[in-house]
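Working notes for the structure below.
Every heavy atom of this structure was used, including side-chain atoms; hydrogens, water molecules and symmetry mates were not. Chain naming here is simple, since letters A, B, ... match the order of the sequence lines and numbering starts at 1 in each.
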Protein chains: 2
Amino acid sequence: MKEGPDISRVAALIGDPARANMLTALMTGKALTATELAAEAGVTAQTASGHLAKLFDGGLVQSRKQGRHKYFALAHGDVAVALEGLMGLAGGELRTRTGPKDAALRQVRVCYNHLAGQMGVQMFSSLILRGYMRDDPDAPILTASGQEFIAQFGVDLDALSQQRAPLCRSCLDWSERRTHLAGSLGRAILTKMEQSGWVKRDDKSRALLFSQAGASAFQVAFPETG
Amino acid sequence: MKEGPDISRVAALIGDPARANMLTALMTGKALTATELAAEAGVTAQTASGHLAKLFDGGLVQSRKQGRHKYFALAHGDVAVALEGLMGLAGGELRTRTGPKDAALRQVRVCYNHLAGQMGVQMFSSLILRGYMRDDPDAPILTASGQEFIAQFGVDLDALSQQRAPLCRSCLDWSERRTHLAGSLGRAILTKMEQSGWVKRDDKSRALLFSQAGASAFQVAFPETG
DNA sequence: CGAATGCTTCGGCTAATATCGAAGTATGAA
DNA sequence: TTCATACTTCGATATTAGCCGAAGCATTCG
């Protein structure tokens, strides 16, 4: 009578309108906070909290606590695939929403001491896609080829590993809502970029000012799609 | 927020255990009567009637009356694709149970009307690696050499391209977690294999029974190049 | 013609669950 | 510290929806 896995459980999870709205909102690939998802679903915070707990238990979303916010994202690509399949049956359309303010800050800025914004996310994903780094659930891990790449970039890894602070750490990007590289390595890379004259910090804001040559060099070092 | 075409509606349809069992039973591609589906779902005939009406209204199944029987089948291939996607999500949770029947199903089975399981994935990747097919993000594309290969295999491509249904389509395999070939071409290939006596369908399950000669011929036609 | 089978509709019972108000924790800011 | 924000837990309510018994059509067969 029963063949294959039980699909009713996971389908029932998606079958609630509030949860379905949350999941579709997460289809952008960006992480959203619990309150944002509550607004997206049109329910109160308490209700949303219950829904999100169920989605987490069902393995459809992953969560990440950062400060007093809790960010949620789809657990993995298979979830998006399944959702797309359902959308094909419903003939649905996708809507987009996220509103950052300053365009310059959204493109690139400093986050404590490391690179953030669109370029920060690009650097991180470029490292991942070329096999220099592995996005472990716990923390990113620099591979052997990655260590070589970073050394050639001009960062002294041995000195960094002496420090107490973790070498690699992923940080959720404010505007992009995707992970970028933090930790002592992220800090060292930004420092190296400053030393090389690629970029200067703005005194008043978190904006970063790339020189024309620096921007070009960045694109060469961390190309967009691998 | 009650806007637009709802993914939750169709997901809720699949979300009921009885309906999910009916749909999985229909994944064989065979049409089943209402009473057969009632037994499959473990409910009475009245309950099944209500479920099937809902599935029909939701566009997931098609029905045709024949004498005093009413036969149901999946509405179209997209439904099977969506169901397989959901199975991929639910598969991870039920890793513990692997019966003898599951092993056979993992190796090869029928997905609506095309080949699935380990052999289905092998066929797909064999076509890709030999340059007969290109795995476009949108949908797989048959190359010129691929068209020649398929024609030699004994499938009339001209007749297929006349149909409204897409020729090539990728479907995510729930056991292998990789794509296999669906669409009218996938269906035609399986039909050809049946006509050639390579394989027979099981009446009760999604299992496929390859003859010894058929299995050998399959390995010759779609070698494991990877 | 009855009798039997396959399917559907109706009514009521029951269980599940989505929802929100209120109160409780945790983190960050003033 | 004190306050505000973000999120969670608890309790109660209400709507929903699955389920089956009983009865009603429709079709087929003896």
Side-chain angles (χ1 to χ4, degrees), chain A residues 1-2 6-26 30-58 60-73 98 111-112 171-172 174 177 206, chain B residues 1-2 6-26 30-58 60-73:
Chain A
M1 160 162 30
K2 78 175 154 169
D6 176 29
I7 64 173
S8 70
R9 239 191 139 89
V10 58
L13 274 177
I14 312 173
D16 178 76
R19 287 193 293 262
N21 282 335
M22 292 176 174
L23 290 172
T24 39
L26 291 175
K30 299 183 178 181
L32 296 173
T33 68
T35 28
E36 286 171 331
L37 288 170
E40 202 70 41
V43 295
T44 60
Q46 316 94 288
T47 305
S49 180
H51 282 315
L52 289 168
K54 282 175 183 168
L55 289 175
F56 183 82
D57 290 340
L60 294 186
V61 302
Q62 57 182 138
S63 75
R64 177 193 183 106
K65 229 161 92 180
Q66 186 157 318
R68 53 179 170 182
H69 295 275
K70 194 165 182 182
Y71 285 91
F72 289 88
T98 22
C111 174
Y112 294 118
C171 179
L172 203 52
W174 200 99
R177 298 298 170 84
R206 298 169 60 185
Chain B
M1 307 293 167
K2 48 205 175 238
D6 246 336
I7 171 178
S8 70
R9 237 187 114 93
V10 58
L13 275 176
I14 312 173
D16 178 76
R19 287 195 293 263
N21 283 336
M22 291 177 174
L23 290 171
T24 28
L26 291 175
K30 288 182 63 178
L32 297 174
T33 68
T35 27
E36 285 172 331
L37 288 169
E40 203 65 46
V43 295
T44 60
Q46 316 96 289
T47 305
S49 179
H51 284 314
L52 288 169
K54 282 175 183 167
L55 288 175
F56 183 82
D57 290 341
L60 293 186
V61 303
Q62 57 183 84
S63 72
R64 84 166 188 269
K65 231 157 87 177
Q66 188 162 320
R68 53 180 170 180
H69 294 276
K70 194 165 182 181
Y71 285 92
F72 290 88

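- Under the 3.5 Å distance criterion, the side-chain polar atoms of A:Thr24 are matched with a main-chain donor or acceptor of A:Ala20.
- Closest contact between the side chain of B:Ala34 and the listed nucleotides C:dC7, D:dA6, D:dT28 involves C:dC7.
- In this structure, A:Thr47 reaches the bases: a heavy-atom distance under 4.0 Å links it to at least one base atom across the strands shown.
- Residues B:Gln46 and B:Ser49 bring no donor and acceptor atom of their side chains to less than 3.5 Å of each other.
- Between A:Leu52 atom CG and C:dA18 atom P there is a gap of 12 Å when expressed in whole angstrom units.
- Residue A:Lys54 has no polar side-chain atom (N or O) positioned under 4.0 Å from OP1 or OP2 of C:dT17.
- Atom pair A:Leu55:CG and D:dC7:P shows a separation of 15 Å (rounding to whole Å applied).
- With D:dA4, C:dA18, C:dT8 as the choices, the nucleotide that has an atom nearest any side-chain atom of A:Arg68 turns out to be D:dA4.
- Among the nucleotides C:dA18, C:dG6, C:dC20, the one closest to any side-chain atom of A:Thr44 is C:dC20.
- Considering only the side chain of B:Gln46, D:dG21 comes nearest among D:dG21, D:dC7, C:dC7.
- Between A:Arg64 atom CZ and D:dA6 atom C1' the separation is 17 Å, expressed in whole Å.
- Among the nucleotides C:dG6, C:dT19, D:dC20, the one closest to any side-chain atom of B:Val43 is D:dC20.
- Atom P of nucleotide D:dT5 and atom CD of A:Glu36 are separated by 16 Å, given to the nearest angstrom.
- When rounded to the nearest whole Å, the span between CG of B:Asp16 and C1' of D:dT16 equals 13 Å.
- Rounded to whole Å, atom P of D:dT8 lies 13 Å from atom NE2 of A:His69.
- The only option from A:Leu23, A:Leu52, A:Asn21 that meets the side-chain contact (heavy atoms from CB on, under 4.5 Å) definition with A:Leu37 turns out to be A:Leu52.
- Proximity note for B:Ser49 (side chain, C-beta onward) versus C:dT17, C:dC7, C:dT8: the nearest is C:dT8.
- Using a 4.0 Å cut-off, some side-chain N or O of B:His51 falls inside it from OP1 or OP2 of D:dC19.
- The nearest whole Å value for the distance from the CG atom in A:Asp57 to the C1' atom in D:dT8 is 14 Å.
- Within 4.0 Å of B:Lys65, counting heavy atoms only, lies no atom of the nucleic acid at all.
- Rounding to the nearest 0.5 angstrom, the gap separating the CD1 atom in B:Ile14 from the CE atom in B:Met22 is 14.0 Å.
- Set against C:dT8, D:dC7, C:dA29, the side chain of B:Lys70 has C:dT8 as its closest nucleotide.
- When rounded to the nearest whole Å, the span between CZ of A:Arg9 and P of C:dA16 equals 13 Å.
- Here D:dG18 is the nucleotide among C:dG6, D:dG18, C:dA18 with the atom lying nearest to any side-chain atom of B:Arg19.
- Taking each heavy atom of B:Ala48 and B:Ala38 in turn, the nearest pair found is CB-CB, 3.5 Å.
- Distance NZ/B:Lys54 to CZ/B:Arg9: 10.5 Å, rounded to 0.5 Å.
- Of the candidate nucleotides D:dT8, D:dC19, C:dC7, C:dC7 has the atom lying nearest to any side-chain atom of B:Thr35.
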